[in-house]
Number of protein chains: 2
Amino acid sequence: MTQKIQTRDPELTRARILDAAETLFVEQGFSAVKLSALARSAEVTKSLIHHHFGSKEQLWEAVKNRAFERYFTAQMAMLEEAGEPDAALLRSSVEAYFHFLRDNPGVVRLFAWTHLEGDNHCGELDNQLVGAGAEWVRQAQKRGLLRSDVNPTHVIAMFVMTCTQWFEAKCHHQHWPGIGSDAAFLEDFLKIFMEGVTPRG
Amino acid sequence: MTQKIQTRDPELTRARILDAAETLFVEQGFSAVKLSALARSAEVTKSLIHHHFGSKEQLWEAVKNRAFERYFTAQMAMLEEAGEPDAALLRSSVEAYFHFLRDNPGVVRLFAWTHLEGDNHCGELDNQLVGAGAEWVRQAQKRGLLRSDVNPTHVIAMFVMTCTQWFEAKCHHQHWPGIGSDAAFLEDFLKIFMEGVTPRG
DNA sequence: GTACTAACTGGCCGACCGGTCAATTGCTTC
DNA sequence: GAAGCAATTGACCGGTCGGCCAGTTAGTAC
């Protein structure tokens, strides 16, 4: 088989470059990253980066594609193992989303950079996820398990945006007086959110 | 008095540079902005930028300071003209904050860039605002006008983060299937949020 | 008017940016 | 083992980046 004890390993090299690039892009964004620093960090020559990825811009695309693929894979998996659409499902979805972001801070920052760039990257996949989520809310509404006087997409948007912003601007609000831990905030958010989407007789 | 029909006007020059810089920084972030382009845009020479602001970094600080000062002035004004702490005040605060962000998209993006930079700039002033907001929530809770089993700071954080993210990532979720206008989203958010913070007997 | 200061200019600088290229080296195939 | 090719190297490129500086000019104080 493919003996991997060798002096050349293009796939490993690609992976090393991608990993180092993701780290730096996540930290600094596209413009601030220098190819020379990236090469040093990945322990390859600059030329090798161009050989494997063509240009800085194409490397940036490759990094985003890989990260977003991971994101969508995880989200789709969560979607598929979900059960009947009801309030309990909504709550566990929020929790799952929150924990995913907590455990993948790089993804959050990558999203943020692309948002600021006005990049509408990964639009279709995202629409698919949100569409599926909204559809579940709609079903739960029909069954009277969630209040039906709100736009289902807005229900999804509301918790997605809150979770995203919590981690995206953490450096900013972590010093707010009285602010709690991740877990404490999630708990309070869920209290308010779940109470807010509960139908009233 | 100070005749302003003159060939030299340092204050105007400073303002022209600051304005052009804010526009470019808001669009592209710090690293992507070139001093040469900025000079062209402000219709001054590059040297003049250095003369008035010292360096690119100091100019960036000046731009942020000016924008954040506007932000805090507006927020403080809103705070002072507020009345008794109750649910109606909370609702109108959310509306006011939402509309402020809608009308000042530059501020939103500036905040976003600084968050990503890990800049804890403007920490004290912000803490002050949040602290005051949380204190009002606390008072309303004591009077039984808001549910008291949630952290007051989290109540503030929740709506601030939702509003922020709505405008910050607009390019991203504006294409989500079924998403509504600014007004429609705000209405649905308020329905859920206000219902969520209402005390239950 | 003279002296002084600050605003402003144009030219220039070293550093370093992203990117190219010819040459070399290690694998694979036959 | 010869041939062919992709991986890899290091030297090198033109461009332009942020910043500096000597010199000029407009306003001000006396």
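In what follows, every chain begins at residue 1, and chains take the letters A, B, ... in the order their sequences are listed. Small disclaimer: the values here were computed from a predicted structure and weren't measured.
- Here the side chain of L35(B) is nearest to one of dG19(D), dT25(D), dG19(C), namely dG19(D).
- Between the CD atom of E11(A) and the P atom of dG26(C) there is a distance of 20 Å, given to the nearest Å.
- Closest to the L48(A) side chain, of the nucleotides dA7(C), dT9(D), dG18(D), is dT9(D).
- Between F189(A) and F193(A), the two ring planes are parallel [angle under 30°; tilted spans 30° to 60°].
- Mapped onto DNA chain C by nearest heavy atom, T13(B) and K46(B) fall at different nucleotides, with T13(B) at the one closer to the 5' end.
- Between the P atom of dG15(D) and the NZ atom of K34(B) lies a distance of 16 Å, rounded to the nearest Å.
- The separation between F53(A) atom CZ and dG19(C) atom C1' is 16 Å, rounded to whole Å.
- In this structure, Q58(B) atom CD and dG18(D) atom C1' are separated by 13 Å, rounded to whole Å.
- Not one side-chain nitrogen or oxygen of H50(A) sits closer than 4.0 Å to the OP1 or OP2 atom of dT8(D).
- When distances run from any side-chain atom of R8(A) to the nucleotides dG19(D), dG26(C), dG19(C), the shortest one goes to dG26(C).
- When the side-chain nitrogen and oxygen atoms of H52(A) are compared with OP1 and OP2 of dA6(D), none of them lie within a distance under 4.0 Å.
- At least one side-chain heavy atom of F100(A) sits under 4.5 Å from a side-chain heavy atom of Q75(A).
- The separation between W60(B) atom CH2 and dG18(D) atom P is 14 Å, rounded to whole Å.
- Annotation for S41(A) and A20(A): closest pair OG-CB, 3.6 Å, computed over non-hydrogen atoms.
- One can find a donor-acceptor pair under 3.5 Å joining the base of dT20(C) and the side-chain atoms of S47(A).
- Atom pair I49(B):CD1 and dC20(D):P shows a separation of 14 Å (rounding to whole Å applied).
- Taking atom CG of D9(B) as the reference point, atom C1' of dG27(D) lies 12 Å away to the nearest angstrom.
- Distances shorter than 4.0 Å separate some side-chain N or O of T7(B) from OP1 or OP2 on dG27(D).
- Taking side-chain N and O atoms only, H51(A) has a distance below 4.0 Å to OP1 or OP2 of dA7(D).
- Listed pair T45(A) / dT8(D) fails the phosphate criterion, with no side-chain N or O lying under 4.0 Å from OP1 or OP2.
- Across all their heavy atoms, Q141(B) and V150(B) have their closest contact at NE2-O, 3.0 Å.
- Checking dT8(D), dG19(C), dG19(D) against every side-chain atom of K56(B), the shortest atom distance belongs to dG19(D).
- Note on ring orientation: taking the six-membered ring where Trp is involved, the planes of Y97(B) and Y71(B) are perpendicular (angle over 60°, cut-offs 30° and 60°).
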